[in-house]
Amino acid sequence: MRIGVDIDGVVSDSYRAWVRELNGHFGTNILELKNYDMHLDFGVSWEAMGKYFDDNVAHLFDIPHPVAGAKEGIDKLIREGHEVVYVTARSLEEEKYTVRWLEKYKIPYEHILFTSFQCKVEYALHWKLEIFLEDYLGNAQAISEAGIPVLLLDASYNKGELPSGITRCQDWHEIIKEIRERSSYPKSASI
Ligand SMILES: [Mg+2]
C-alpha cells in the first residue's frame, strides 16, 4: 500500500519536547496537551506561539526523539513492500531540519510533502494514498471524509468518539497490526 505518514506526533515525538520547552519559555507547568493548537493550552495568542517557533525553529525540530516504535515500524512497512509518503504541515523552508532529523535517527524517507498548514486532503488524493497515519483529529476527519482510511495515533489532544473511517491506534505496534490486516501480509507471520 502507499501509506501517508504525518511527522509531528506520529514519527517525531514533537509535542512532548515542545511542551517542555514552552513551559520554560512561558513560565507554565503544562503536563499534557488538551488542544492540538498549543497556544490555547498555554494561554497565548497564535501569533505569539508562531513567533516563538519561528525564532527557535532549528532547535525545536532537532530536540524531539522519535515516537516509540516509529523507526522500527517504518522500517517494517518498507521491508514488507509498502511505500511511505510523509505528509507534514511543516513548510518547505523547514525541509533541511526535517531531513537532518530523519537522518539523525536513521528513519528512511523518500518522499516528503510539505503542506505549510494547508489541508492535507489534496496531497493525499493527488498521491493516491491508500491509508493515512495521523494524530490531529481535524486532518484525520478531512482525510477520511475524502475516502482514505485513517489510523489515528492516540494522544491527549485527540480523545473522543471517532467516525467509522478512522481507527484509533494506541501505539506503533497497533498501527503495524492494522496495516497488515488490511494488506496481503501472511496472517501466520509473527509481529
Ligand atoms: Mg501531527
Side-chain angles (χ1 to χ4, degrees), residues 3-22 30 32-42 46 49-50 52-54 56-57 60-71 73-74 77 84-95 97-102 104-105 107-109 111-125 127 129 131-146 148-160 162-163 165-176 178-179:
I3 305 169
V5 181
D6 173 40
I7 294 180
D8 292 304
V10 174
V11 179
S12 170
D13 201 1
S14 310
Y15 299 101
R16 189 192 305 271
W18 294 346
V19 164
R20 202 172 53 228
E21 292 291 304
L22 290 164
I30 308 279
E32 198 172 65
L33 283 179
K34 290 186 176 58
N35 296 283
Y36 172 80
D37 288 325
M38 292 187 292
H39 72 283
L40 298 173
D41 280 44
F42 284 89
W46 170 267
M49 187 61 83
Y52 178 75
F53 269 77
D54 285 346
N56 299 282
V57 60
L60 292 172
F61 285 163
D62 178 57
I63 55 172
H65 289 275
V67 169
K71 181 204 155 27
I74 291 164
L77 293 177
V84 168
V85 177
Y86 296 100
V87 187
T88 175
R90 295 181 182 191
S91 68
L92 198 52
E93 292 78 58
E94 293 156 352
E95 181 177 23
Y97 310 118
T98 305
V99 166
R100 192 185 298 162
W101 185 87
L102 290 166
K104 178 177 172 181
Y105 289 103
I107 297 171
Y109 62 91
H111 305 292
I112 313 175
L113 314 181
F114 295 86
T115 72
S116 300
F117 284 111
Q118 291 189 327
C119 181
K120 292 184 176 181
V121 172
E122 283 169 40
Y123 293 85
L125 292 173
W127 279 75
L129 303 178
I131 193 163
F132 205 103
L133 315 185
E134 179 60 61
D135 67 322
Y136 173 42
L137 201 46
N139 283 337
Q141 279 163 339
I143 293 163
S144 82
E145 278 165 21
I148 300 166
V150 177
L151 303 182
L152 185 79
L153 185 57
D154 184 64
S156 59
Y157 46 83
N158 68 25
K159 300 296 183 192
L162 298 176
I166 308 176
T167 306
R168 186 179 297 279
C169 292
Q170 293 301 321
D171 52 28
W172 265 88
H173 185 80
E174 284 191 16
I175 289 176
I176 297 297
E178 280 289 335
I179 291 175

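The first residue in the sequence is number 1, and the count goes up from there. Whatever order the structure lists them in is the order used to number ligands and atoms, beginning at 1.
For a distance threshold of 2.8 Å, the protein N, O or S atoms nearer than that to the Mg ion (ligand 1), listed by chain and number, are Asp6 OD2, Asp8 O, Asp135 OD1.
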Under 3.5 Å donor-acceptor pairs involving side-chain atoms of residues 138-145, not counting sequence neighbours:
residue: Ser144; atom: OG; partner: Ala140; partner atom: O; Å: 3.4
residue: Ser144; atom: OG; partner: Gln141; partner atom: O; Å: 3.3

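Checked against the 6.0 Å centroid criterion, the rings of Tyr97 and Trp101 do not qualify as a close aromatic pair.
Ring pair Phe117/Trp46 is perpendicular by interplanar angle, where above 60° counts as perpendicular and below 30° as parallel.
Not counting sequence neighbours, the partners of Asp8 by the side chain to side chain contact (heavy atoms under 4.5 Å, CB included) test are Ser12, Ser14, Tyr15, Trp18, Thr88, Arg90. For the salt bridge (charged side-chain N to carboxylate O under 4.0 Å, His left out) test, no residue two or more places apart in sequence or in another chain qualifies with Asp37.
Between the side chains of Glu93 and Ser91, at least one donor N or O sits under 3.5 Å from an acceptor N or O.
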